[in-house]
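When a ligand or atom number is given, it counts from 1 through the structure's own listing order.
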Amino acid sequence: MTKPYRLRLPGPTPVPERVREALARPVVNHRGSEFEAVVRDIESGLQSIMGTRNAVLQFAASGTGMMEACLANTMGPGDRALFLCNGQFADRFAAIAEGLGLQADRLEVPWGEAVDIAELEARLAATEYRVVIAIHNESSTGAVSDLAAIGAAVRKTPALLVVDSVSGLGGIEMQQDLWGVDILVSASQKALMCPPGLGVVSASEKAWRIIDDNAPRARYYWDFRKARDNALEGQTAFTPAVSLAFGLQEALRMIEAEGLDNVLARHARLAAALQAGAAALGLPVFTRSPIRSNTVTVLQLPEGQEAGPIARHLYETHGTVIAGARNKLRGTVIRFGTMGHCDGADILTDLEHLEATLDALDWDIERGAGVSAARAALDAG
Ligand SMILES: *Cc1c(COP(=O)(O)O)cnc(C)c1O
């Protein structure tokens with residue numbers, strides 16, 4: 001018997017059987033009509049989830065590659081970017097800019113909090129930026145950005161709003177066109193229920209004016225212009241991750257069949273249930289932002305307790321795989337994914353295992369309290 005293995009990370013997330021079957025299909029000619037239908041299908045499925053009428057471009061890349069691609073297509077020597085830094089992924093985005101030799105200014109926000117719009121407006125009034133970068137769902141802290149408000153501020157300026165929704169898209173609401181998000185990037189392995197390796201992006205007309213201008217830019221593989229010209233033909237510029245595209249097509253069909261509104265409501269219900277259960281065990285949510293993530297739950301450990309032994313015990317005893325932190329929060333928080341292919345039974349099992357683990361580690365908890373609080377939340381929701 002194989003050991004149970006419950007992938008409960010905030011990405012990668014479990015891949016449903018239907019998607020795994022699609023991944024196993026024979027590879028086809030990526031320039032043929034069969035694959036063209038897949039490319040077009042993925043584009044229209046993603047357009048509804050992104051809330052956009054823009055073309056959707058597909059790359060063989062992880063999320064980080066897509067972040068770099070955004071900068072490569074919009075920034076050149078002398079251009080300045082403003083990074084809204086409230087967690088690890090915003091910091092990574094700024095580090096990518098520095099790696100490319102670009103000007104990266106930061107608006108520092110305490111981790112777990114949301115960006116202050118007045119402060120953003122003041123920075124935009126003081127300096128002309130080519131791009132403003134925000135993380136939709138900061139997976140390190142569980143904070144969700146108010147993109148409608150950020151978009152309203154950036155829209156009044158020549159700057160482009162670039163948004164990383166790698167861990168948001170498909171799990172929390174996205175309205176790219178309505179909110180004024182100029183470039184939106186995401187990846188396959190979080191709420192989109194696929195293995196890692198496929199990156200997606202869509203750009204507004206305002207963004208295309210910058211992407212298409214003749215300013216010097218260091219881009220080749222990432223060139224959105226080549227990708228768009230090919231997308232119009234139902235193709236990608238270079239050899240795509242054919243099997244992953246089959247998987248994503250199937251995952252998007254599953255989302256469509258469930259109904260996007262139902263999918264988003266399920267994420268909200270599961271996050272609320274996990275958080276209610278954790279609170280009953282004395283584990284509050286770390287996030288202080290007024291909008292909390294429905295895809296990632298970040299729990300604050302009491303003073304003197306360490307994340308390492310909890311994650312290790314959950315894995316070794318129950319096969320439940322959760323995340324800690326690989327940044328300045330290391331040791332002080334534990335993180336669960338509540339996104340993609342999961343349901344209420346997964347949340348109840350998470351809490352059952354967490355209770356058993358905390359008990360084994362001699363925490364003073366009431367066995368059963370977490371599971372019953374979560375069950376009550378699921379019944380109420
Ligand atoms: C997972 C994630 C990424 C992408 O990471 P990769 O490992 O490169 O796919 C980027 N941003 C956020 C907010 C994420 O959660």
For the pair Glu43 (side chain) and Val56 (backbone), establish whether a donor and an acceptor sit closer than 3.5 Å, ignoring hydrogens and angles.
-> yes

Taking only heavy atoms of Ile135, which atoms of ligand 1 are found under 4.0 Å from at least one of them?
-> 13 (C)

Look at ligand 1 and say whether Arg92 reaches it with a heavy atom at a distance under 4.0 Å.
-> yes

When you check the gap from the basic side-chain N to the acidic O, do Asp177 and Arg53 get nearer than 4.0 Å?
-> no

Under 4.0 Å from a heavy atom of Asn137: give me the atoms of ligand 1 that qualify, with their elements.
-> 13 (C)

Does Gln189 come within less than 4.0 angstrom of ligand 1, counting non-hydrogen atoms of the residue?
-> yes

Arg288 charged N/C atom sitting above Phe286 aromatic ring, 6.0 Å / 45° | yes

Would a hydrophobic clustering, with Ile, Leu, Val, Met, Phe, Trp and Tyr connected at side-chain separations under 4.5 Å, put Leu84 with Trp111?
-> no

What protein heavy atom sits nearest atom 11 (N) of ligand 1, and how far away is it?
-> Asp164 OD2, 2.5 Å

Salt bridge check: are Glu36 and Arg40 linked by an N-O gap of less than 4.0 Å?
-> yes

Atom indices of ligand 1, in the order listed, that fall short of 4.0 Å to a heavy atom of Ser167 = 13 (C), 15 (O)

State whether Asp164 and Arg92 are salt-bridged, where the test is any N-O pair (Lys NZ or Arg NE/NH1/NH2 against Asp/Glu carboxylate O) under 4.0 Å.
-> no

State the atoms of ligand 1, each with its element, that fall below the 4.0 Å cut-off from a heavy-atom position in Thr64.
-> 4 (C), 5 (O), 6 (P), 8 (O)

Stacked cation flag Lys226 on Phe59, 6.0 angstrom / 45 deg | no

Contact with ligand 1 for Val296, non-hydrogen, under 4.0 angstrom | no

Of all protein heavy atoms, the one nearest atom 4 (C) of ligand 1 is Gly63 CA, 3.7 Å

Just by distance, do the side chain of Asp79 and the backbone of Gly76 share a donor-acceptor pair under 3.5 Å?
-> yes

Atom 15 (O) of ligand 1 [closest protein heavy-atom partner, distance rounded to 0.1 Å] | Ser139 OG, 2.4 Å

Nearest neighbour in protein (non-hydrogen) for atom 1 (C) of ligand 1 | Lys190 NZ, 1.4 Å

Are any of the N/O atoms in Ala187 less than 3.5 Å from those in ligand 1?
-> no

